[in-house]
Amino acid sequence: MESDAAGVRAALPARLRDTWDRIASIDAALAAALAGETPADVAELGAQRTRCIEEFFDAFPLEAHTAALRRRALQLLLAVNEAHAAAARRELTTASEVATAARHHRKAISVYHEVQPKG
């Protein structure tokens with residue numbers, strides 16, 4: 001898919017490449033944050049990505065000769081969005097499992113301390 005993205009980028013008018021590159025940069029930061037590689041505000045990165053995508057398509061002329069390129073760009077952006085959503089779901093599942101395990105451990109410790117030794 002990365003070669004597809006490079007092909008779309010190369011086919012874009014020059015004025016759109018900067019926005020495409022900003023989106024790609026945000027996507028890389030989001031992927032790293034969702035993988036736990038870097039601390040980042042995922043919600044803020046997502047909002048920035050949305051704004052950049054809106055700017056991109058607002059500036060992209062909707063004409064017959066650009067329709068196929070617009071469609072391919074949208075498909076690539078949606079595919080990356082799905083990858084981010086899948087990573088977020090994995091991270092939420094992991095966090096939920098960790099929280100559940102911690103709750104079970106606290107409960108077990110509480111029960112242990114409540115039991116009075118017979119002596």
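Residues: numbered from 1 along the sequence shown. These numbers come from a predicted model, not from an experiment.
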### Partners passing ring-ring contact (aromatic ring centres under 6.0 Å, His included) against Phe60 (at least two apart in sequence or in another chain)
Phe56
### Query
In chain order, what residues pass the side chain to side chain contact (heavy atoms under 4.5 Å, CB included) check against Ala85, with sequence neighbours excluded?
Arg89
### Message
Side-chain heavy atoms under 4.5 Å apart, restricted to Ile/Leu/Val/Met/Phe/Trp/Tyr: what other residues fall into the cluster of Val42, or is it alone?
### Response
Ile26, Leu30, Leu34, Leu45
### Query
Which pairs, with at least one residue in residues 55-66 and sequence neighbours excluded, count as a salt bridge (Lys or Arg N to Asp or Glu O under 4.0 Å)?
Arg22-Glu55
### Task
Name all pairs fulfilling the salt bridge (Lys or Arg N to Asp or Glu O under 4.0 Å) condition that reach into residues 44-54, sequence neighbours left out, sorted by first residue then second.
Asp27-Arg49, Glu44-Arg51
### Task
Kindly compute the distance separating CG (Leu12) from CZ (Arg70), expressed to the nearest 0.5 Å.
11.0 Å
### Query
According to the ring-ring contact (aromatic ring centres under 6.0 Å, His included) rule, which pairs have a member within residues 21-55, sequence neighbours left out?
none
### Task
Apply the test side-chain contact (heavy atoms from CB on, under 4.5 Å) to residues Trp20 and Leu77: give CA-CA distance (whole Å), side-chain angles for both, the deciding distance (0.1 Å), then the verdict.
CA-CA 10 Å; Trp20 184 261; Leu77 292 169; 4.0 Å; yes
### Task
For a side chain to side chain contact (heavy atoms under 4.5 Å, CB included) with Leu76, tell me which candidate from Ile23, Asp4, Asn81 qualifies.
Asp4
### Message
So, using salt bridge (Lys or Arg N to Asp or Glu O under 4.0 Å) as the criterion, who are the partners of Arg17 when residues are at least two apart?
### Response
none
### Query
Roughly how far, to the nearest 0.5 Å, is the OG1 atom of Thr66 from the CG atom of Leu16?
9.5 Å
### Task
List, by chain and number, the other hydrophobic cluster members for Leu62, where Ile, Leu, Val, Met, Phe, Trp and Tyr join if side-chain heavy atoms come within less than 4.5 Å, directly or indirectly.
none
### Query
Which pairs count as ring-ring contact (aromatic ring centres under 6.0 Å, His included) when at least one residue sits in residues 80-101, sequence neighbours excluded?
none
### Message
Test of understanding: with salt bridge (Lys or Arg N to Asp or Glu O under 4.0 Å), list the residues that count as partners of Asp18, not counting sequence neighbours.
### Response
none
### Message
Taking side chain to side chain contact (heavy atoms under 4.5 Å, CB included) as the definition, give me every residue that meets it alongside Thr93, ordered by chain and number, with sequence neighbours left out.
### Response
Glu97
